[in-house]
Amino acid sequence: DCVNFNPAGMEENLTPSFSIYPNPANDFISIQTEQKLPISSIEIIDVSGKRVLIVINNFNSIDVNNLPAGVYLVRLNSENRSSYSKFVKQ
């Protein structure tokens, strides 16, 4: 695992501890964690670094229909750590 620490002390895990499916996606994505991590929020970030969506509930089905086609970074926030993965919106 490649782990960095941010100034706030939250551990950032650059090796994903979750899966996104389907990937690529059209309308919805689902998140599946490897170790049943308690998720506090999910952020979707575009290639420019702008947060385009934040989800604080219903992590099983995230509506990405309104996002333009492209590559996005998904940041999964749990108690004291964040993990990242990417997905393609068609």
Side-chain angles (χ1 to χ4, degrees):
D1 283 356
C2 181
V3 177
N4 292 332
F5 293 94
N6 70 15
M10 179 177 268
E11 185 178 318
E12 292 192 346
N13 187 351
L14 302 179
T15 304
S17 59
F18 64 97
S19 301
I20 302 169
Y21 60 93
N23 192 4
N26 290 313
D27 300 319
F28 293 91
I29 58 171
S30 295
I31 305 292
Q32 181 176 354
T33 61
E34 291 180 2
Q35 298 148 348
K36 298 296 180 191
L37 291 172
I39 303 170
S40 57
S41 67
I42 293 174
E43 300 172 47
I44 298 180
I45 303 160
D46 68 13
V47 291
S48 71
K50 179 181 174 189
R51 185 173 58 196
V52 295
L53 184 64
I54 186 163
V55 180
I56 55 173
N57 57 24
N58 193 17
F59 305 116
N60 295 326
S61 183
I62 300 169
D63 185 354
V64 295
N65 187 46
N66 292 329
L67 297 178
V71 177
Y72 292 88
L73 188 65
V74 176
R75 178 178 173 173
L76 182 145
N77 300 305
S78 60
E79 292 173 345
N80 287 324
R81 75 186 249 183
S82 295
S83 296
Y84 295 85
S85 191
K86 64 182 176 180
F87 83 97
V88 176
K89 166 66 168 69
Q90 292 184 324

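Quantities reported herein were computed from a predicted structural model and do not represent experimental measurements.
Residues I62 and V74 are not in side-chain contact: their nearest non-hydrogen atoms beyond the backbone lie 4.5 Å or more apart. Looking at I31 and I20, their side chains come closer than 4.5 Å, going by heavy atoms from C-beta outward.
The distance from the NZ atom of K89 to the CG atom of N66 is 8.0 Å, given to the nearest 0.5 Å. Taken to the nearest 0.5 Å, the OG atom of S41 stands 11.0 Å off from the CG atom of N57. Here F18 contributes atom CZ and S83 contributes atom OG; the two are 6.0 Å apart, rounded to the nearest 0.5 Å. Rounding to the nearest 0.5 angstrom, the gap separating the CD1 atom in I44 from the CG atom in L73 is 10.0 Å.
A donor atom on one side chain and an acceptor atom on the other are not found under 3.5 Å apart for S40 and N77.
A ring-ring contact (aromatic ring centres under 6.0 Å, His included) check over residues 59-83, counting only residues at least two apart or in different chains, returns the pairs Y72-F87. For residues 39-66, the salt bridge (charged side-chain N to carboxylate O under 4.0 Å, His left out) pairs, not counting sequence neighbours, are E43-R51.
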Donor-acceptor pairs are to be reported for all side-chain atoms of residues 22-30 against protein atoms at under 3.5 Å, with residues two or more places apart or in another chain.
unit_1, atom_1, unit_2, atom_2, d
N23, OD1, V88, N, 2.9
N23, ND2, K86, O, 3.1
S30, OG, N60, O, 2.5

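Residue I54 places its CD1 atom among more than 12 non-hydrogen atoms of other residues, nucleotides or ligands, all under 6.0 Å distant.
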